[in-house]
Every structure is written in structure tokens, then in C-alpha cells.
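Everything on this sheet refers to the single structure shown next.
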Amino acid sequence: MNRFKTSKFKNTTPKIAKKDEWINNVHAGSFSSQGNHIKASSKLVAFNTDQAGGGLLGLTSVLPGSNDQWIVAQISCHSDLVTDMDFSPFNESLMVTCSADETVKLWRLCDPEQEQSGSPELTLHPGQGRVELVHFHPTSSGLLAIGTAKSPLIWDTSRQDAPLAALEQHSDLLQSLSWKQDGSLLASSCKDKMLRVFDPRAQLTPVQSAKSLQNNKDSRILWAKDDQLVTTGFDMMRSREVRLWDSRKLSSSISTVSLGTSSGMLIPLFDEDTGLLLLAGIGDTGIDCFEISSSEPFLSQVSHCLTDASTRGVAMVPKLALDVMSCEVMRVLQLTDSCIVPVSYQVPRKHSGQEFHEDLYPDTLGSTPAMSAEEWWKGGNKQVEKVSLHPDKRPKPPTKQTAGKKDMASSGSKEDQPRGCSTSSSPLSTPSSSSSAAPSRSPSTTSGLSSGFVPSPSPSQSTKAIQSLLGPSSKFRHIQGVVMHRDTHITNIRNLNLTTPGECDGFCVNRQRVAVPLSISGGQIAVLERSEPGRLPETAFPTIQNSVNVADFSWDPFDTHRLAVAGDDAKIRVWRVPKGGLKETITEPELILQGHTEKIYSIKFHPLASGILVSSSYDFTVRLWNLESGEQVKVLTGHEDQVFGMAWSPDGKLLATVCKDGKVRIYDPRKSTAPLQEGPGPEGHRGARVVWVCDGKYLLVSGFDSRSERGLYLYPSDSVASGPLASTSVNVSPSTLIPFYDPDTSVAFLTGKGDTRVYIYELVPEEPYFIECSSFNSPEPHKGMVFLPKTECNVRDVEIAVGLMLTKTTIEPVAFRVPRVKKEFFQDDVYIDTVVWWEPALTASAWLSGSNGQHKKMSLKPKDMTPVSEAPKEAPVRKYLPSSVYLEEKTDEQKKEELLSAMVAKLGNLDDPLPQEAFEGVDEDEWVSEHMPGFYTVLKRMELGFSIFMTG
């Protein structure tokens, strides 16, 4: 696609399938392998699952079954993780797999509805350790390229004892392999940053090689058109990039496109017929489409498709399975944690669905091999014969059995089943969870709808049907994050400390002031008044000097002047800020708490009792402090590593912790120093946070999985030992997601230091548990975000939360608003009575003695606002005339009268007095006799012209 020649594919549009067309009952998870994790033939789809250690593969079909549902079966393939798989280009039911168990197996599959064979047709033992990659040859039958840890092998499946060729061993991990379309060359990318091109029949060493990659992180290589190669990987700054190469000169790339910073590997998919390249990143929620051309610009972006869930793998459906009458030029299957999402790429055309557009569909590769593996090895270069995609020129598929015939067939003998489909195994086959409330696609339903006599469903049935089609709905789904006016910003913050520990939120706030750590020696903290926004002076301003580096700090929720600061010296200093803010530097704290033997990294105030503080330290203990007496009152034990996060329950009775030792614990500090409950936490060890949600019935934990992907985990607080009840993956990023939970709306806001996005979920105590809402994106990475109390929200703008966003030099308020039509009314369905959080429910000594309390509650409704539930009901206003007005047939006489009336109205109303009537010297009878005949003559002529027009 060059500057002067317009490409027919430049407007190719991605269309994500409706949710009832997704393939559900998929358990994907994260996988540590070099494969794409999902592959498709024109008939079947195979994908990795997280069950049986990854040795099970999921199997489904490209099209739904006879009941418009997808059957998802499971095949036990290997004793260890299935690292890669591939379908034969010449047999839609022939699949090859490789595994960490050091074997390669060939499988002949049946429809997912039928029982699969429990044993492979062929098993190969390369004997070089874990097998990472496997690919069928594009032109020859029975020929494989197998990638072990460091060496590519060429294997003829008819000769099981040894490979045809063992190509030169790489110096590091082999990351990807790709055959050229004509089958003559094999390309590889490696962790040693080298690109290699082999001619296996000519020599075992590369015919071309160069140290071309800039980073040794995951890379992929793929043959594009002719002699062009595509690679995806990372540059020296760890930004993802895609490069286009000439395979005859690997020293420098032809073109490079950067795709931003993210740690997920980019999977490339290329369609030779259209020249379109698809890029999907592991953990991403987007798929990019580029067009590759042989002249500048070599790489041109066509589209960017945003998906609903993170990508675990991606596969391209073969060309022969596309809907060519809808101008579908590509179809991609996105593997997510719980489903497979089809994404169709279509070229907009005027007569789409009615005509076959030959210019979009050149003849494509057929399904008949050009030669055998032996012929290829002896030097053959035959090419696969191409076939037309025109529906009239393709062989007709066999007609589907009707439901009755299918039932009869299924009740027949085992001998009637297709060859190779043994009944010895028992696959776990479950129909895809397409709801029964979804509209059926059967002909009977269609005819029923067209007849107009379908009975109307009840409101509850309609609601359920809509929910089954669109998924659960939330009143906060379209929440909007808005950065407030610059007049409310605090700017020109200098010497900001950006290296606070991961357990610290970065800064803290109460309704009056903000505390910000500075990178000045002595562990200084700036205290800024929220009532005095604007630009800070260039001169030095007063601070709190801790004399040691600051690890964490927190405002007392019941005293806006008291700030607790944890330092590297294992001490907690409690400071008092004078009324009106800091006017001079403070060096003497109000109180110093000592007891920990190692550095403290997290502190939390009690939500109900005044003067109760909890802290965690590198000495693996959690300690409770009474600020009234200045003493340590409890030491909680049981942690075997660093405590990542702590959270008090809403009633203040229990304390939850999440630890680096992979455990989530719940304590009742007043009764025991040992944990009351203990359960498995996130698998990753990079950091985690915990917060109580849904009235204290659940724990929300944010952390990392084994692949360092960020995720959310929901635990029932009464049975933590059973593990998470539900989980959802977010994305791949190094920073821990810091949660803020609003108990009034059950909405959780999550973001990490250095992120540009705030993720928002509504949490519900039933499936699906997580309802994703619109997220907020900041123009540049922020250094932290904390939230103000609920009473700081402007209910007139329907704000449900207000956060403060810390950047390199500013603090900017961000309001999260719910779009509503009748904003003049108080939205009492959004604002339930909130707690009087600034008043303690009991004292520290009362809580320690066993007393419990609860906050008072108050309404946020202003006196001059009426609740929306009491708003007067408005009669519906018809915006348009009823259809009968437009459909009413009119006679020619009626049309003639309407036209004449309109003409007369434009000329003027005869009953209105004319200006001439006020003149003197002309008699009225004389005026009428002289001038009115001429006016009527004009009207008669217009009437005659209209009659001629109507009859002609």
C-alpha cells in the first residue's frame, strides 16, 4: 500500500462476535511456552487448558453444532504441559502436539460431540529434552519442523526412528520457527538475539544469520510475502516492536513500528492472500492489523480492535472456512480465560452478502499436498494447487442430519462411528453455555417470528433474555472519570520521592490536607493544604523531618492533624500538624513507637476505634499499637515472609493479610495472635493488596499469577482455605494494583504506580462477581492515586468517588461521575446513607477490652434537592408523528388542495390588511376592480400548471 496506490484492504474492519456466539466453558489460564496456545483448522479448534498440569487440550469446532451450541471436549494428550500444537494444512482432523514431557504426538480427531481416541497415531521421541515448537510443512505431507530447547529438527513422520536433519544448535533458547510458504526455507529466532534462515536440504548451518534483535526477551518470526520476514519482540528500552526484514539481508530491517511498553509477547499472524498482518499481545485487550507491501510504507496500520478480555492466545481460521459472501477476508479466534471470541475482519462493500467480490479473493491454497516428505527431501519444489473461493466453484459440503436422524445415529452401534474415533476415552464434554433464553436460529423460530403470532414474553423473561445476551448490567457501567479544572490542582511540586516501597500508596490525603514524600535527605514530608490549590512557590517550604527514609505514612481518620510515619529504622513516628497547616519545619514528633526489629513497610489505622494502629515489618510480624498509651499491645505471628498488605474488616473485628509466602490470612487480634483462617494467595511474588468488600463477606486480593500477569481474586471471608471463589485477569504490568473500595456502591477502583489506567469493577456477591465498568485513562503515567472520603463528592454532579492523582509535579483531582438525565434530582438509588467516618465509634481501650461498635450514618441529600424516586412522573412525549400519518393514502384532489394552500400561504393571507388600504385618493371598489383580477389570473395559471403536472 503506497502513497499513490489505494489498497482495497485499507478499510478492513474488525467485528467482534456477539456474546451468544462466543465459545464458553473454556479454562485457559497462563502458560509458560513458546506456542500460540490455540490453533484452528477449517473444522476444529484446539487450545491449551489449565487443567492436569497443562497436559489436557480443549477441543471444539469452528461452527456450532446442530443445536446451535458449541461442544467443548477435553483430550488427555501428554503427561506434562502441551507447549505447542498445529493442524495439518491437508487434513482438517490431523493434529500434532509437543510437550514438556519430551515427546511429539500425532492425533486424528473427531467432532467434539463424538468420543476421541485415547491414544495417538504416532509418538516421536526427539531425545533432546523439552520440545517447544512443532509446525507442519506447507507443501509436503507428513513432514514436521520440531523445535527443541536449542535445535530445530526436520522429521518425516513415516520414519519414526530419527529425524531427516538436525540443524545447527543455537546458543540459547529457541523462541520461534516459521516455514516459508513455498516450503524451501525455515527461519528461526532465538534468545541469543540471532535470526537464522536455513535451507535444510542444502546444509545444516544457516544460509543467512545476523544478530538483529535488540532484546533477548520473547520474540517471534514469521514469513510474509516472498522473501520478507516479520519479527516481533522488544527493543533496548523494552518497548514492543514489529520489524520487517529482507531474508537475503538480515543485517538491517526494512521497516520498524513501535507498539508501546507492555511485557506481553506479540503473536503475529499473516494472511498471504491479502497481505494483512495481525498482532495480538499476551495479556492485552487489543488486536492490531497492519498491511505489508513491497514498497514504502512497508507497514501501514489498518485497524486497532479493542476486545473485552485479555488475550491468552490467538489463531487464524483457514481461508476455506470464511464467509466470503459477507466480504470476510480474515477471522481470528481470541483465547481468553473463560471463552474463545471470534473476531471477523470484513471489507465494507456495497453489495456485501449478495455478491461474490472476486477482487478480494484470489485463488488460495487448496488442501491437497503437492508431494510427499520423501519427494521434498530429494529436492522436489512442487507447490500446492490453488482453488477458488467462489461458492459456486467449491465442492458442496455434506448436508447436516436433522435432529431426529442424529438421535438415531447416536443410538446406533459403535461400528457406525467414523474410523479412528474410539470410545475408549471419556472426554469431559459439556455444551457451551449459550443461554437457553437466547433466540434460536432454527427455521421454525424464524418462521414463527415472521408470522407475527409469537406470544409476548413476561417482563421477567425479557429481562433474563436480555441479560443472557448482553451479560450482567451495572448502573455504573458507563462511569466517567474527569480531571477537574486546573484551578483545583496543586502544581510545581519539586523533589518528589518516586521510590517509595511497593507497599506504600505513594502519598496520603484526608479531607483537609495532602502529605507527599520528598527526595530530600532526612526523610522529609511536605504537607499541603487542599484549601490552597495553585502553584507552589519556588522557594523552600516547611516540611516534617523524620531523619530516616520514609517507608509508609497514614493520616488518622479521626484527627486530620495527626500523621503516622513508618521509617527504615523500625520506628513509627506520630506527628501533629498545627491548625492552618505547616508554617515552619517540624523535627520533633508527638510520639515514637518502638518494637519492631526490622524495617517497617506498612501501617493502617483502625476504621472504628480511635488510637489503634497496626504495622507490618520485615521481621515477619504484625503489631498492634495503642496511641493513647503509646504502647505495643499485640504481636501477630504466622507469616513466613514479607507481608504485602493488610486490611481491617468493616466492623473492625478482624484483620486480613496477604503475604509473599503465598498465603492469605485472617486474624482476630483480640482473641489470638495466630491466624484464625489461612488459604492460598496469588501465585506471583511481586506484590499484592487486600481489601474487604460486599459488607465484609468477601476479600478482594490484587496480585500476580505465575506468569506475572496482574489479576483480581475474590475470597469468601468465612472460608479462605478453599481458595478464591472467582478471579479475573487484568493485564501484564510490573506495578501492584492498589485497590480502593467504595462500600456504598460496591465499586472497586484499581490502579498501580506508573500506570495510565484506572480499572473499575462493580463487585457483586453472585456470579459473575466482577462486572467491568468503563475505565479512566490519564494522559501520562501517574505516581499514585488516593481517594477522598465520600462526603467530598458533589452529589449534584452524581460523583460517586473523587481521587487525587499524583504526577511528577502536580496533584490533580479526578471526579468519577455516573451519567444521569435528571441531575436536578438527588439520585437516591446511587447514594445510600453513608457512614459518619470522622467520628470514632469507640476508644482504643474500649476496643481492646472486647467492645464493638459501628459508625453512625447520614444522608448525602442536600436540603434543596428532591430524591429522584419522588420525582413527578412525566407523561411520555411523542417525538414523531404516528406511522399512520405517513402511511395514509391521499387522493390527487387532496394533494392538489394541500399544494394550493401552501402556495397561497406563501403569497400572503388575503384577510390581512394591505399597506395600500391606508392610502387616500383611491376608492376601494376601484382598487378591487383594477387589481384583484390580475391576482386571480395568477392563481388560475398556477392551478392549470399543477393539473398538467399531475396528469403528465
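Everything quoted here is computed from the prediction, not taken from an experiment.
Partner of R220 under the side chain to side chain donor-acceptor pair (under 3.5 Å) criterion, chosen from N36, T232, T231: N36.
Residues K211 and D192 are not paired through a salt bridge, judged by the lack of any N-O separation under 4.0 Å between the basic side chain and the carboxylate. Under 4.0 Å is where a charged nitrogen must lie from a carboxylate oxygen, and between D323 and R331 no such pair does. No salt bridge links D288 with R240; every basic N to acidic carboxylate O contact stays at or beyond 4.0 Å.
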S140 and W377: side chain to side chain contact (heavy atoms under 4.5 Å, CB included), yes or no, with the steps? CA-CA 10 Å; S140 307; W377 182 246; over 6 Å; no
Taking it one step at a time, do S219 and Q175 satisfy side-chain hydrogen bond (donor to acceptor under 3.5 Å, both in side chains)? CA-CA 6 Å; S219 64; Q175 294 178 329; 2.5 Å; yes
Apply side chain to side chain contact (heavy atoms under 4.5 Å, CB included) to the pair D80 and E102, showing each step before the final yes or no. CA-CA 9 Å; D80 205 336; E102 305 183 10; over 6 Å; no
Stepwise side chain to side chain contact (heavy atoms under 4.5 Å, CB included) check, K19 with D308: CA-CA 10 Å; K19 287 195 174 182; D308 290 352; 4.0 Å; yes
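The backbone N or O of T336 lies less than 3.5 Å from no partner atom in the side chain of S338, so there is not a single donor-acceptor pair.
Expressed to the nearest 0.5 Å, how far CE of M265 lies from CZ of F234 amounts to 6.0 Å. Atoms NE2 and NZ, from H78 and K105 in turn, are 5.5 Å apart once rounded to the nearest 0.5 Å.
W179 has its ring centre no less than 6.0 Å from the ring centre of H135.
More than 12 heavy atoms of other residues, nucleotides or ligands sit less than 6.0 Å from atom NZ of K43.
The closest side-chain donor-acceptor pair between T205 and Q203 falls under 3.5 angstrom.
Counting only heavy atoms from C-beta outward, the side chains of V332 and V317 never approach each other to under 4.5 Å.
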